[in-house]
Q: 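Pasting a structure here, questions to come.
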2 protein chains.
Amino acid sequence: MTDHAHAFCCPDHSGAAPAEAILAQAEARARARGARLTPVRRRTLEILLEAHGALGAYDVLEKLAAEGYGTQPPVAYRALNFLVEHGLAHRIRRLNAFTACTHPGEDHRAAFLICAQCNSVTEATAPELSRALHAAARTAGFTIECSTIEALGRCSACTPA
Amino acid sequence: MTDHAHAFCCPDHSGAAPAEAILAQAEARARARGARLTPVRRRTLEILLEAHGALGAYDVLEKLAAEGYGTQPPVAYRALNFLVEHGLAHRIRRLNAFTACTHPGEDHRAAFLICAQCNSVTEATAPELSRALHAAARTAGFTIECSTIEALGRCSACTPA
DNA sequence: GCCTTGACTGTTATGATATAACAACAGATA
DNA sequence: TATCTGTTGTTATATCATAACAGTCAAGGC
Ligand SMILES: [Zn+2]
Ligand SMILES: [Zn+2]
Ligand SMILES: [Zn+2]
Ligand SMILES: [Zn+2]
């Protein structure tokens, strides 16, 4: 499990309310792009939303399998990749894991803040950051297609006051 | 092979000269930190420096093994992790690969520009970028310990004029 | 001198992550 | 109906990474 059991660690998951709103947004976004949020895909997104922190593909697979979906790795990877391609989830490379996008619909270039203590992953929208990266790339004559920004450290809940 | 054979693709490797300078810097830096740049470790760094683009651990292992060093994965991973820990190499997470640091000695937080066409990896020092990331984190009450910034796209050599 | 210690290198074995290739099916379309 | 496309599922395999243990060697204490 890439997950963890700690309570009240993830600011974004302190209430269950936003999950439904995010699912509705996701549904709308998928439809708008001509993509189908099929049962496995939707359930995969729900699983990510239910999780505190990011989940590994095999963690997701375990849950899907237990619910009667396919039992083999491609089932999870396909659903996860679909979600990532459509901006409904993000891949956290440092963790070899995935997390639901906390604000789908917006066209965002986010940075991920990974808490080394409670494993929570916070998605920080940072337009300035994106701008700085593009500027640095331009200086090198490099054209960015996509980027990954991840930081490891302590979240606010895990930082002693 | 994570490597590639394309000629004149990597601006940083167009001449062989800098490699020796970097090795000398690396040696100095290691000694200054009380670390030993042993034969395997040094050779591993050389292998990374000789490579265009980043190399996977098993690519490095293959070369080490061919030269009489150990033949098993831990040999490569240990040397690579040593180099990363001492700032002499970097891990490129998107590629599951490693690249030599092109300017060891400086205490830098770099961004990596990965060319999707020629596989070259350019290390861009970007103080503003680092500053923006720390600012974004601070807003979220997050304290950064270390960070990863990687961009995928086209390098200058692979961009049609 | 000789023994202990700690860092280093090598091994075997295993674990964790990810994809290729193929078969079956369902809804859309002509 | 026949066909096409996208989706799901499977088996098998590839790729990346680490745990645990054994042998080597040089430095420092006795
Ligand atoms: Zn997002
Ligand atoms: Zn935390
Ligand atoms: Zn560097
Ligand atoms: Zn290129």
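Convention: sequence-line order gives letters A, B, ...; per-chain numbering from 1.
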Q: Which parts of residues 64-72 of chain A get close to DNA chain D, meaning a heavy atom less than 4.0 angstrom away?
A: Y69(A), G70(A), T71(A), Q72(A)
Q: Between R131(B) and E128(B), is the closest basic N to carboxylate O distance under 4.0 Å?
A: no
Q: What verdict does the salt bridge (Lys or Arg N to Asp or Glu O under 4.0 Å) test give for E50(A) and K63(A), after you've listed the backbone C-alpha separation in whole Å, the side-chain angles of each residue and the deciding distance to 0.1 Å?
A: CA-CA 11 Å; E50(A) 287 163 6; K63(A) 302 196 188 227; 5.6 Å; no
Q: From the list dT11(C), dT19(C), dG10(C), which nucleotide is the closest neighbour of the side chain of V40(B)?
A: dG10(C)
Q: Figure out the CG/P separation between D59(A) and dA18(C), and round it to whole Å.
A: 11 Å
Q: Angle between ring planes, F112(B) versus H90(B), binned at 30° and 60°: parallel, tilted or perpendicular?
A: tilted
Q: How would you label the contact of R91(B) with the nucleic acid (heavy atoms, under 4.0 Å): base, sugar-phosphate, or nothing?
A: sugar-phosphate
Q: Please report the distance, rounded to the nearest Å, between CD in E85(A) and P in dG6(D).
A: 13 Å
Q: Strictly below 4.0 Å: does R41(A) bring a side-chain N or O up to OP1 or OP2 of dT7(D)?
A: yes
Q: Between R78(A) (CZ) and dA23(C) (C1'), how many Å, whole number?
A: 12 Å
Q: Toward the 5' end of DNA chain C, which comes first, F98(A) or A35(B), by nearest nucleotide?
A: A35(B)
Q: Under 4.0 Å between a side-chain N/O of N96(A) and OP1 or OP2 of dA18(C), yes or no?
A: yes
Q: Between dT17(C) atom P and R93(B) atom CZ, what is the distance in whole Å?
A: 12 Å
Q: Could you tell me the separation between the CZ atom of R36(A) and the P atom of dT5(D), rounded to a whole number of Å?
A: 15 Å
Q: From dT11(C), dT11(D), dA18(C), pick the nucleotide closest to the side chain of Y58(A)?
A: dA18(C)
Q: Record whether the side chain of Y77(A) comes under 3.5 Å of the base of dA20(C) through a donor-acceptor pair of N or O atoms.
A: no
Q: Salt bridge or not for R43(A) and E67(A), using N-O below 4.0 Å?
A: yes
Q: Check the distance between dA16(C)'s P and L95(A)'s CG and give it to me in whole angstrom.
A: 16 Å
Q: Is the shortest heavy-atom distance from the side chain of L49(B) to the side chain of I22(B) under 4.5 Å?
A: yes
Q: What is the distance, to the nearest angstrom, from the CG atom on L55(A) to the P atom on dT17(C)?
A: 12 Å
Q: Judged by modelled atom types alone, do T148(A) and R94(B) share a side-chain donor-acceptor pair under 3.5 Å?
A: yes
Q: Which nucleotide in the set dT18(D), dT19(C), dT8(D) lies at the smallest distance from any side-chain heavy atom of P73(B)?
A: dT18(D)
Q: How long is the line joining CG of N81(B) and P of dA19(D), in whole Å?
A: 11 Å
Q: Cation-pi between R91(A) and F98(A): NZ/CZ under 6.0 Å from ring centre and within 45° of the ring axis?
A: no
Q: Out of dT8(D), dA20(D), dT18(D), which nucleotide sits closest to the side chain of T38(A)?
A: dT8(D)
